[in-house]
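Here is the structure we will look at, set down as C-alpha cells.
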Amino acid sequence: MKKNILLTIGIFCFTSSGIYAQNDFDNWRKQSNQEFETFKAKSEQEFRDFRAQVNAEFAEFMSQSWEKFQASEGIPIPPSPDPITPPVVEPENKPTTEPLPFGKVIPLPTPTPRPKPISPIQIPTPPETPLPEIVKPEFSFLFYNTECKVTLDNTLLFSLRDASEESTAKAWEILAGNQYDALISDCLNLRNQLNLCDWGYMQLLKNLSDRFLGKESNEAVLLQMFILTQSGYKVRLARTNNRLALLIPFQEPIYEYTFLNINGVKYYVMNKELKGQAFYICNHEFPKEQYFSWQTGQPKLTEKLTIPKIFTSKRHPEIQITVQTNQNLIDFYNNYPLSSRYDLYALAGLSETIKQTLYPALMHIITGKSKTEAAGILLNFLQTAFKYQTDDQQFGYERAFFADENFFYPYNDCEDRSILYSILVKDLLNLETVLLLYPNHLATAVHLPEDIPGDYLTIDNKKFVVCDPTYIGAGIGMAMEDYKQVKVEVIRL
C-alpha cells in the first residue's frame with residue numbers, strides 16, 4: 001500500500017512537471033513567434049520606406065529639366081568575312097610539325113547574375129482571419145505565343161498628358177505606390193519561370209506594357225522603365241519629339257541600335273523608329289543598378305514545332321537525323337540584338353527540343369568509338385549535313401546563329417558551324433574546345449585525350465588540334481593552307 005502511494009505521488013509529480021514544462025515551451029514559442037513577426041514587420045516596413053524614398057527622389061529629379069544629348073548612328077554590322085564557296089580539302093595538304101601561331105587569348109566570360117531589386121518587393125501578408133474570397137485581378141498577354149498572367153486590372157491604368165518632365169514625374173509618383181508591388185513580383189516570378197535573360201525580361205515587359213497601355217505609347221514605355229528599375233536594372237528614360245524612349249546600356253556592344261554616349265556609357269535606344277538626333281535624358285541612378293548582359297540561355301517557351309528536316313552525313317550515311325525546331329524560340333532569337341561575341345552564342349547551347357532527337361541519334365553512332373574518332377564523325381556531320389551560304393547571300397547582312405537556328409534556316413556558314421560543333425563536342429564527348437578567330441574566318445580546335453598528328457596550337461601546355469567544320473572533307477588536324485601562318489585569336493569556351 002505504501003509503495004502504491006509513493007508511486008502515485010511520483011507519477012503525479014512527474015506529470016505535473018511535464019505540464020509545466022510544456023506550458024513553458026508553448027509560452028516561449030509563442031513569444032519567439034511574436035518577436036519574429038515584429039522583427040519581420042519592422043524589416044518589411046524599412047524596405048518599403050527605403051524604396052519609397054528612392055522613388056520619391058527619382059520623381060523629384062524627373063520633374064527637373066532633362067539634359068540634352070546628341071544621338072549617334074548605330075554601330076554598323078561588320079561585313080561577312082566568309083568565302084563565297086567553302087574550300088574543299090586538297091590531297092597534298094600536309095600538317096605542320098610545329099604548333100600554329102596565335103595571338104590574343106580571349107578568356108571565358110564570367111556569367112552575369114540576374115539583377116536584384118533594390119529592396120525585396122513586399123506583398124501584403126493576408127490576415128490570419130480569412131476574409132471572403134476576393135477574385136485576384138489577372139491580366140493575360142502573350143510572350144512568343146507563351147501565355148503569361150500578372151496581377152493587373154483597369155484600376156492601375158494611368159495616362160500622361162504629354163512627355164514633359166512634369167507629366168512623367170506625376171505618373172512616376174503613381175507607379176511608386178505599393179498597389180503595383182504585386183505586378184512587379186509577378187514579373188520577377190515570370191522571369192524565373194521562363195528562364196529569361198536580361199533581353200528576354202525586357203521584351204516580356206514590353207509585351208505586357210504595350211498590351212496594357214497601347215503599343216509604343218508613352219505610358220507603356222514608362223511602365224516598362226518603372227518595372228525594370230524596381231527589378232534592379234540600369235536604364236534611362238529619354239524624350240524626343242514628345243515621344244518617350246527606353247535607353248539600355250549593355251555590357252557588350254550591339255549593332256544597329258542608335259545610341260547616346262552618357263558619361264562614357266553607350267545607352268542604346270530600344271525603339272528603332274525614333275531617329276531623332278537630339279534626345280533629352282533623365283539621367284538619375286538607382287542604388288545597385290546593374291548593366292544589361294547580352295548573355296542568354298534557353299528560355300522556356302511554348303513549343304510550336306516546325307516542319308521536320310533530315311540531316312545526313314556523307315561520310316557516315318548511317319547518320320540520318322530528323323530534327324524539328326521550336327518556331328517560338330526561332331522568333332525569339334530572330335529578334336535578338338546582333339553581336340560578334342561568338343563565345344556567348346556558343347555558351348547559349350542547344351534547346352531541349354533539339355537535344356531530345358539529335359543527341360540520342362548521334363550517341364548511337366559514336367558510342368564505342370574513341371574520342372578522336374567520334375570527334376571526326378561529328379566534324380564530317382557539320383561539314384556535309386548542312387548547305388553552305390554566306391550571311392550576305394542568305395540575309396543581306398552578317399549574323400551569327402544560335403545553335404538551334406542551324407536546323408531551321410536552309411543555309412549556314414563558318415561561324416555557325418564552328419559554334420554548333422563546339423557545343424556538340426562539349427556535350428557529347430566532354431572535351432575542351434576553343435574557337436579560332438581569323439581575320440576572315442572562324443574554326444575550332446579540340447583538346448583530345450589521344451596524341452595525334454596534325455595542325456595544332458599549344459595553349460597553357462595543352463594541345464588543341466584544329467577541327468574546321470567549313471573545310472569540306474578535312475579530317476581532324478587539318479587547317480586551311482591560307483591560315484596556317486596567320487596569327488589567330490583564341491576564344492575560350
Please list, chain by chain and in numerical order, all residues satisfying salt bridge (Lys or Arg N to Asp or Glu O under 4.0 Å) with Arg236, sequence neighbours excluded. Glu289

Hey, does the side chain of [X] reach the backbone of [Y] with a donor-acceptor pair shorter than 3.5 angstrom?
X      : Y      : answer
Ser339 : Ile254 : no
Asn334 : Ile330 : no
Ser185 : Ala182 : no
Asn218 : Arg243 : no
Asn261 : Gly264 : yes
Tyr180 : Leu156 : yes
Gln298 : Asn195 : no
Ser63  : Ala169 : no
Asn326 : Asn328 : yes

[atom1]/[X]: more than 12 non-hydrogen atoms of other groups inside 6.0 Å:
X      : atom1 : value
Glu73  : CD    : no
Asn241 : CG    : no
Lys300 : NZ    : no
Lys371 : NZ    : yes

Carboxylate-amine/guanidinium proximity below 4.0 Å for Arg51 and Asp181: yes

Quick one: does [X]'s side chain get under 4.5 Å of [Y]'s, heavy atoms only?
X      : Y      : answer
Phe259 : Leu247 : no
Leu428 : Met363 : yes
Thr168 : Trp66  : yes
Cys282 : Phe61  : yes
Thr302 : Glu147 : no
Gln70  : Leu260 : no
Glu219 : Leu244 : no
Ile307 : Gln324 : no

Rounded distance (nearest 0.5 Å) linking atom [atom1] of [X] with atom [atom2] of [Y]:
X      : Y      : atom1 : atom2 : value
Lys149 : Ser140 : NZ    : OG    : 5.0 Å
Phe408 : Leu329 : CZ    : CG    : 11.0 Å
Arg492 : Asp343 : CZ    : CG    : 12.0 Å
Cys467 : Leu379 : SG    : CG    : 5.5 Å
Leu420 : Asn406 : CG    : CG    : 5.0 Å
Phe141 : Cys148 : CZ    : SG    : 4.5 Å

Mark yes or no: [X] above the aromatic ring of [Y], with NZ or CZ under 6.0 Å from the six-membered ring centre and no more than 45 degrees from the axis.
X      : Y      : value
Lys272 : Tyr257 : yes
Arg341 : Trp294 : no
Arg399 : Phe395 : yes

Looking only at side chains, do [X] and [Y] share a donor and an acceptor under 3.5 Å apart?
X      : Y      : value
Ser167 : Asp162 : yes
Thr390 : Asp392 : no
Asn55  : Gln230 : yes
Asp404 : Ser351 : yes

Option passing ring-ring contact (aromatic ring centres under 6.0 Å, His included) with Phe401 (candidates Tyr333, Tyr336, Tyr409): Tyr409

Residue of the set Phe143, Tyr233, Phe292 for which ring-ring contact (aromatic ring centres under 6.0 Å, His included) holds with Tyr201: Tyr233

Let me know which of Thr151, Asp153, Leu208 forms a side chain to side chain contact (heavy atoms under 4.5 Å, CB included) with Phe139. Leu208

Which atom of [X] lies closest to which atom of [Y], heavy atoms considered:
X      : Y      : result
Ile419 : Ala400 : CD1-CB, 4.5 Å
Ser72  : Thr258 : O-CG2, 3.2 Å
Phe226 : Leu175 : CZ-O, 3.0 Å

Taking the inter-plane angle between the rings of Phe58 and Trp172 on a 0 to 90° scale, is it parallel (under 30°), tilted (30 to 60°) or perpendicular (over 60°)? tilted

Using the side chain to side chain donor-acceptor pair (under 3.5 Å) rule, collect all pairs that involve residues 416-437, keeping only residues at least two apart or in two chains. Tyr359-Asp427, Asn412-Arg417, Glu432-Lys462

Could you go through Lys206 and Ser209, starting from their C-alpha distance and side-chain angles, then the distance that decides it, and tell me whether this counts as side chain to side chain contact (heavy atoms under 4.5 Å, CB included)? CA-CA 5 Å; Lys206 184 181 188 317; Ser209 303; 5.9 Å; no

Full working for ring-ring contact (aromatic ring centres under 6.0 Å, His included) between Phe386 and Phe407: CA-CA 9 Å; Phe386 300 85; Phe407 299 92; 5.5 Å; yes

When the ring centroid of Tyr345 is compared with that of Phe402, is the distance short of 6.0 Å? yes

Set out, in order, the CA-CA distance, both residues' side-chain angles and the distance that settles side chain to side chain donor-acceptor pair (under 3.5 Å) for Gln356 and Glu352, then state yes or no. CA-CA 6 Å; Gln356 287 171 5; Glu352 290 300 320; 4.8 Å; no

Apply side chain to side chain donor-acceptor pair (under 3.5 Å) to Asp331 and Gln327, showing your working. CA-CA 6 Å; Asp331 292 341; Gln327 182 67 60; 2.9 Å; yes

